[in-house]
Amino acid sequence: MTLRISVIGTGYLGATHAACMAELGYEVIGLDINAEKLQALSAGILPFHEPGLPELLRKHVDSGRLRFTDSFEDVAQHADIHFVTVGTPQRADSQSADMSYVDAAVDSLVANISGEALIVGKSTVPVGTARRLSERIEAASKPGSKISLAWNPEFLREGFAVKDTLTPDRLVYGIQDDTSLAKLREVYAPILALETPEVVTDLETSELVKVAANAFLATKISFINAFAEVTETVGGDIKTLADAIGHDARIGRKFLNAGVGFGGGCLPKDIRALQARVSELGLSQTMGFLDEMDQINLRRRDRVVSLASSILGKQLAGKRICVLGVTFKPDSDDVRDSPALDIAVRLYNSGAEVSVYDPEGNKNAAGRFPRLNYVGSWREAAKEADLVLLLTEWKEFRALDPQELGEVVSSRVLIDGRNVLDRPLWREQGWVMTGPGEKFDLPGD
């Protein structure tokens with residue numbers, strides 16, 4: 001019999017998981033309480049940008065393998081395995097994760113399930129959540145029903161979500177019984193057939209894997225940005241430094257790129273939630289280094305604003321600044337906690353006239369900060385600009401021709417916030433430019 005799967009929550013993670021489960025051949029029902037989102041998804045329309053996912057969504061909505069509902073009763077009757085993919089945003093009153101959506105989803109499922117079912121958490125949660133939910137499920141289950149809980153963390157990268165779901169680096173299951181393991185292996189059988197590594201562990205370890213991975217990634221990014229602060233002061237080449245230490249197999253070169261810092265809806269939030277959780281456990285000193293990482297990350301933004309101010313003669317009022325990219329990374333429309341958007345807003349608040357172009361992020365950025373001048377092309381954004389900032393490394397910006405851009409701007413001055421442009425080539429074309437990790441003195445100083 002074909003497996004019948006539900007996905008509770010159809011945001012970025014949920015919509016991706018639902019479409020990919022349908023691609024594996026299963027009957028899938030996605031649940032959300034947002035009527036506008038359900039209407040769009042049911043019409044095969046993705047409410048956010050993710051390469052490759054719109055095609056997958058339309059394919060399986062059209063095939064009938066994937067449908068959407070707002071009814072927990074419908075979900076409970078349809079499926080035997082329920083993936084919980086709702087958000088765990090940072091609470092307004094602390095750095096802790098808000099678990100109300102996860103709790104509500106599990107409670108609603110349990111209230112509607114009769115018989116045997118497996119609930120699988122995929123949301124990123126504080127360690128101890130799954131154990132607490134297991135006790136909650138046991139206390140609230142209907143007489144005669146048998147509901148198990150497992151945890152199966154996600155490791156999606158925005159821009160690569162479909163690939164990361166269908167061909168992941170590893171599959172991690174936190175389980176409490178062999179039956180749950182058998183069901184998860186049945187779900188992921190097509191992926192396991194590709195010899196995907198499989199990690200079977202307890203609930204607590206499975207919860208910690210995701211936040212540990214994010215913390216380690218943030219540590220690498222923060223480490224090279226800390227050294228960028230040194231080379232900006234004494235001189236040196238941060239890219240060569242990264243190359244040199246990256247040859248060490250114990251370190252590796254990936255994510256050792258100085259820039260404007262990390263952002264997005266997951267990494268900063270998950271790190272802060274981890275700090276909050278270990279403090280609750282009486283281990284506040286254990287993860288103290290994460291706070292310093294956060295500060296290094298924020299100082300990267302300060303550095304760009306300070307550079308812009310120095311280049312433009314300390315007075316930003318009335319200066320025309322072109323900002324290329326406001327999403328936190330390319331191939332995404334996510335502007336949550338985006339260093340690029342934050343820098344653009346700071347420059348605007350200092351009196352500059354800021355024109356912004358991002359291939360996918362303008363709409364979301366305008367929703368958060370509408371007063372910037374959002375335009376439809378790099379050429380329009382750069383028109384008569386006194387300074388150009390490249391803050392998100394979209395392919396379109398990496399491929400810019402220095403002569404073409406130079407014909408549009410008022411001054412050939414550029415801050416390459418991602419260190420992706422060929423500086424000798426651009427300088428040959430008359431550009432004054434700098435970027436993270438470079439000691440910069442204005443010509444004539």
Side-chain angles (χ1 to χ4, degrees), residues 47-50 158-159 259-265 268 298 300-312 315-402 404-421 426 431 433-436:
F48 54 86
H49 177 74
E50 178 60 36
E158 293 193 37
V260 295
F262 56 78
L298 294 174
R300 292 289 80 203
R301 307 176 189 193
D302 297 338
R303 167 69 176 174
V304 176
V305 173
S306 176
L307 268 177
S309 179
S310 296
I311 288 169
L312 295 176
Q315 275 293 338
L316 293 179
K319 298 293 185 179
R320 296 174 181 264
I321 297 179
C322 162
V323 170
L324 300 179
V326 284
T327 54
F328 86 97
K329 65 176 290 186
D331 296 314
S332 169
D333 61 356
D334 194 347
V335 298
R336 292 173 295 175
D337 209 350
S338 168
L341 180 58
D342 184 40
I343 290 166
V345 170
R346 290 200 209 181
L347 294 170
Y348 172 88
N349 288 338
S350 297
E353 297 177 15
V354 181
S355 293
V356 172
Y357 168 62
D358 188 287
E360 295 292 341
N362 278 10
K363 181 179 178 181
N364 285 344
R368 288 177 176 259
F369 197 88
R371 286 177 286 175
L372 298 178
N373 179 34
Y374 298 95
V375 297
S377 70
W378 64 261
R379 189 176 294 274
E380 192 176 354
K383 186 176 181 181
E384 298 182 3
D386 299 303
L387 173 65
V388 177
L389 303 182
L390 194 163
L391 299 180
T392 311
E393 64 273 34
W394 288 90
K395 288 181 181 178
E396 180 179 352
F397 302 150
R398 297 170 73 119
L400 280 171
D401 181 89
E404 277 190 66
L405 184 60
E407 292 170 358
V408 177
V409 299
S410 175
S411 300
R412 295 194 177 197
V413 186
L414 186 147
I415 299 174
D416 176 8
R418 298 292 184 174
N419 281 346
V420 293
L421 299 179
W426 282 72
W431 284 85
M433 65 186 302
T434 188

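Given the structure is predicted, the values throughout are model-derived calculations rather than measurements. Positions are given from 1, in the same order as the sequence printed here.
Heavy atoms from other residues, nucleotides or ligands lying under 6.0 Å from CD of E407 number more than 12.
Residue I321 is tested with N373, D386, L347 for a side-chain contact (heavy atoms from CB on, under 4.5 Å); the sole match is L347. Only one option out of R418, E360, E393 pairs with P330 in a side-chain contact (heavy atoms from CB on, under 4.5 Å); it is E393.
In this structure, S310 contributes its side chain and S306 its backbone to a donor-acceptor pair below 3.5 Å. Listed for the D416 side chain is a donor-acceptor partner under 3.5 Å among the backbone atoms of L421. Judged by distance alone, with hydrogens and angles left aside, the side-chain atoms of E50 form a donor-acceptor pair with the main-chain N or O of G159 at under 3.5 Å. Judged purely by atom type and a 3.5 angstrom limit, N419 uses its side chain to pair as donor or acceptor with the backbone of P436. The backbone N or O of D334 sits less than 3.5 Å from a side-chain atom of S332, completing a donor-acceptor pair.
Nearest heavy atoms, L324 versus F397: C-CE1, 3.5 Å. Contact detail for P359 and Y357: the closest heavy-atom pair is CA-OH, 3.8 Å. The minimum heavy-atom distance linking V326 with A365 is given by the pair CG2-CB, 3.8 Å. The two atoms that bring G318 and E353 nearest to each other are O-OE2, 4.0 Å, heavy atoms only. For the residue pair C322 and A381, the shortest heavy atom distance occurs at CB-O, 3.3 Å. Residues P339 and G263 come closest through the heavy atom pair CD-CA, 4.0 Å.
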Requested in this report: Evaluate the side-chain contact (heavy atoms from CB on, under 4.5 Å) criterion for residues F48 and E158: first the C-alpha distance (whole Å), next the side-chain angles of each, then the deciding distance (0.1 Å), finally the verdict.
Outcome: CA-CA 11 Å; F48 54 86; E158 293 193 37; over 6 Å; no
Requested in this report: Could you walk me through whether L389 and V323 pass the side-chain contact (heavy atoms from CB on, under 4.5 Å) test, one step at a time?
Outcome: CA-CA 5 Å; L389 303 182; V323 170; 4.3 Å; yes
Query raised in the report: Does the side-chain contact (heavy atoms from CB on, under 4.5 Å) test come out yes or no for L414 and L405, once each step is laid out?
Result: CA-CA 10 Å; L414 186 147; L405 184 60; 4.1 Å; yes
Report task. Let me see the working for K383 and R320 under side-chain contact (heavy atoms from CB on, under 4.5 Å), right down to the final yes or no. Result -> CA-CA 9 Å; K383 186 176 181 181; R320 296 174 181 264; over 6 Å; no
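With rounding to the nearest 0.5 angstrom, the NZ atom of K319 is 8.0 Å from the OG atom of S411. To the nearest 0.5 Å, atoms CD1 (I311) and CD1 (I415) are separated by 4.0 Å. Once rounded to the nearest 0.5 Å, the distance linking CH2 of W378 with CD of E396 reads 9.0 Å. The CG atom of D342 lies 8.0 Å from the CG atom of D337; values are rounded to the nearest 0.5 Å. Atom CG of residue L341 and atom OH of residue Y348 lie 13.0 Å apart, to the nearest 0.5 angstrom. The distance from atom CG of L391 to atom CD1 of I343, rounded to the nearest 0.5 Å, is 5.0 Å.
Taking the six-membered ring for Trp and thresholds of 30 and 60 degrees, H49 and W394 have ring planes inclined between 30 and 60 degrees apart.
The pair D302-R346 meets the salt-bridge criterion, since a charged nitrogen lies less than 4.0 angstrom from a carboxylate oxygen.
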